[in-house]
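Worksheet for the structure shown next.
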Amino acid sequence: MAAQPGQPTAEPAPENPLTAGLERLPVAPTTLVIFGATGDLARRKLLPALYNLAHEGALPERFHLVGVSRKEKARERYRAECEEAIRTYSRRTPDEDVLKKLLQHVRYVPGVFDDDSVYSELGKVLDGFEERAGEPLNRAFYLSTAPEFFPVIVEQLGRSKLQHHENAEVRVIIEKPFGTTLEEARELNRDVLAIFDETQVFRIDHYLGKETVQNMLAFRFANGMFEPLWNRNYIDSVQITASEDLGVGTRAGYYDHAGALRDLIQNHMLQLLCHVAMEPPGSFTAEEVRNEKVKVLNAIPEPTPADIAEMSVRAQYAAGHVGGEDVRGYLQEDGVPNTSTTETFAAIRLKVDNWRWAGVPFYIRTGKRLARKVTEIAVTLKPVPHLAFSQDGSLGVQPNQLVLTLQPNEGVSLRLGAKIPGTRMIIRPVNMEFLYGTAFLSQSPEAYERLITDAMRGDATLFTRNDEVEAQWRICDPIVAAWAKQPGPLAQYEAGSQGPAEADSLLLEGQRWRAI
Ligand code: BG6
């Protein structure tokens with residue numbers, strides 16, 4: 001529209017030169033089938049992610065979504081539920097046209113997951129889409145159900161010959177938890193790999209889809225200045241924290257059987273450790289990246305019963321105060337037995353026994369109902385060998401520390417020693433900061449947006465390979481087993497606090513936990 005006389009011409013939106021090069025890779029025509037289509041994950045994460053991909057034009061031109069769930073309901077009812085989930089949880093306010101177009105391609109197949117007729121019906125729906133399209137469409141089966149159904153669904157897909165398709169790719173995406181012990185993970189891998197080839201399997205760890213987790217590899221391997229220091233000669237310790245202010249909420253049924261170690265450390269936090277510790281891959285391909293991560297996991301010694309007492313701490317939150325509100329303790333939460341010995345806080349100290357990392361402690365800690373939500377990796381360098389300024393005094397000279405914050409304020413901060421202005425040589429720590437959001441002026445996509453696209457494109461770099469998942473369990477299984485044998489009650493920490501004082505016992509001399 002032409003500018004009216006006397007009115008300023010609208011300025012074109014400023015280009016952000018830092019995002020030049022942003023592009024969308026094409027995705028082949030695909031039908032995505034979500035098992036557990038009415039569950040919490042589908043509503044809160046998967047459907048909003050699909051909407052946001054549609055919004056950005058990142059879905060394939062021919063895209064269909066089929067929801068499969070136990071509840072009987074009409075297609076229209078399911079579409080209305082999808083719409084409601086998207087309107088409630090999408091990171092963008094939906095554009096009506098985009099939403100309408102997406103919902104037009106949604107179908108629903110009701111039924112219990114071990115019932116053959118569900119799969120014959122599903123087969124008909126998938127074939128129907130292809131007949132209308134006049135071409136074969138890729139198929140991606142997303143298992144977003146309770147984990148006990150994973151083997152059942154995989155077996156049924158095999159029995160009904162849905163695991164392969166002539167002239168099109170078939171993939172299976174499997175949510176966490178991938179087993180609750182090493183043995184279960186092995187069994188599940190056996191079941192899945194009896195039907196699908198490993199190249200068809202995409203095991204989700206949503207942390208790998210976070211922009212900032214991927215940025216860690218860019219940070220390490222696209223900059224020359226850190227890598228020479230990135231080893232036992234210069235690094236004193238590594239601390240990885242994933243703290244949450246929320247409690248167990250409505251998930252007690254799942255969480256009380258899982259606990260903090262299985263819920264976050266076995267998967268997300270060991271992945272973060274791998275990103276810190278891995279060698280540079282020859283190229284950024286699924287196999288090479290995952291080979292390097294597996295090498296790191298294999299270099300972590302399996303904890304022995306004697307180690308476990310010294311290298312692990314667990315605790316439960318007691319009543320306290322979070323975000324200005326009084327909150328209940330874990331044992332008083334709905335659905336939690338009052339004798340529960342499930343940990344809501346876990347901290348462990350690991351070694352990575354290889355040339356690069358020998359002797360460097362890796363501390364990992366996670367917990368619910370802590371002071372605030374933060375996920376960060378802090379790499380502390382060794383102190384300088386001699387402090388020449390000590391005669392003038394200094395305000396707490398501290399070793400350099402590099403902190404990679406993954407959330408909530410994604411960025412990198414480097415602690416340096418600097419001189420306080422004035423006539424004397426007094427040093428104090430200052431921070432040099434880079435904030436992701438400020439630099440790129442863009443909102444990072446949700447992890448699931450990236451992961452769904454990659455799975456549809458067949459790129460498994462950001463998914464956990466079978467040997468990786470087993471290596472993670474090899475580290476966590478002995479701890480889980482040892483804890484299970486220890487009698488309760490567990491150490492407690494006040495909700496809204498920094499966690500249990502017992503966590504300090506893991507720290508080697510001269511080290512301390514960062515404030516949460
Ligand atoms: C999930 C856990 O995998 O990760 C949850 O099951 C946890 O208990 C969540 O709250 C944390 O994810 P994020 O992306 O919020 O850090």
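Along the sequence shown, residues are numbered consecutively beginning with 1. Numbering of ligands and ligand atoms starts at 1, following listing order. Since we're looking at a predicted model, the values are computed, not measured.
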**Item:** For Glu468, all residues meeting salt bridge (charged side-chain N to carboxylate O under 4.0 Å, His left out), sequence neighbours excluded
**Value:**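 Partners of Glu468 under the salt bridge (charged side-chain N to carboxylate O under 4.0 Å, His left out) test: Lys293.
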**Request:** Please determine if Lys210 and Glu410 form a salt bridge, counting it only when a charged side-chain N lies under 4.0 Å from a carboxylate O.
**Result:**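 No salt bridge links Lys210 with Glu410.
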**Message:** Between Thr30 and Phe63 (side chain of the first, backbone of the second, donor and acceptor by atom type, cut-off under 3.5 Å), is there such a pair?
**Reply:**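 No, Thr30 side chain to Phe63 backbone: no donor-acceptor pair under 3.5 Å.
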**Message:** Under a 3.5 Å distance rule, please check whether Arg465 uses its side chain to pair with a backbone N or O of Ala460 as donor and acceptor.
**Reply:**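 Checked: no pair found.
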**Asked** Which residue pairs satisfy the ring pair (Phe, Tyr, Trp, His ring centres under 6.0 Å) criterion with at least one member in residues 463-482, sequence neighbours excluded?
**Response**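 Checked against ring pair (Phe, Tyr, Trp, His ring centres under 6.0 Å) - neighbours excluded - the pairs reaching residues 463-482 are Phe202-Phe463.
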**Item:** Inter- and intrachain pairs under ring pair (Phe, Tyr, Trp, His ring centres under 6.0 Å), touching residues 308-352, at least two apart
**Value:**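 Of all non-adjacent pairs touching residues 308-352, those that pass ring pair (Phe, Tyr, Trp, His ring centres under 6.0 Å) are Tyr317-Tyr330, Phe345-Tyr493.
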Identify all N/O pairs between ligand 1 and the protein with a separation under 3.5 Å and present them as a table of atom names and distances.
residue	atom	partner	partner atom	Å
ligand 1	3 (O)	Lys176	NZ	2.7
ligand 1	3 (O)	His268	NE2	2.7
ligand 1	6 (O)	Lys176	NZ	2.8
ligand 1	6 (O)	Arg251	NH2	2.9
ligand 1	6 (O)	Asp263	OD1	2.6
ligand 1	6 (O)	Asp263	OD2	3.4
ligand 1	8 (O)	Arg251	NH1	2.8
ligand 1	8 (O)	Asp263	OD2	2.6
ligand 1	8 (O)	Lys368	NZ	2.8
ligand 1	10 (O)	Glu244	OE1	2.6
ligand 1	10 (O)	Glu244	OE2	3.3
ligand 1	10 (O)	Lys368	NZ	3.2
ligand 1	12 (O)	His206	NE2	3.2
ligand 1	14 (O)	His206	NE2	2.8
ligand 1	14 (O)	Lys210	NZ	2.6
ligand 1	15 (O)	Lys373	NZ	2.7
ligand 1	16 (O)	Tyr207	OH	2.5
ligand 1	16 (O)	Lys373	NZ	2.9
ligand 1	16 (O)	Gln407	NE2	2.5

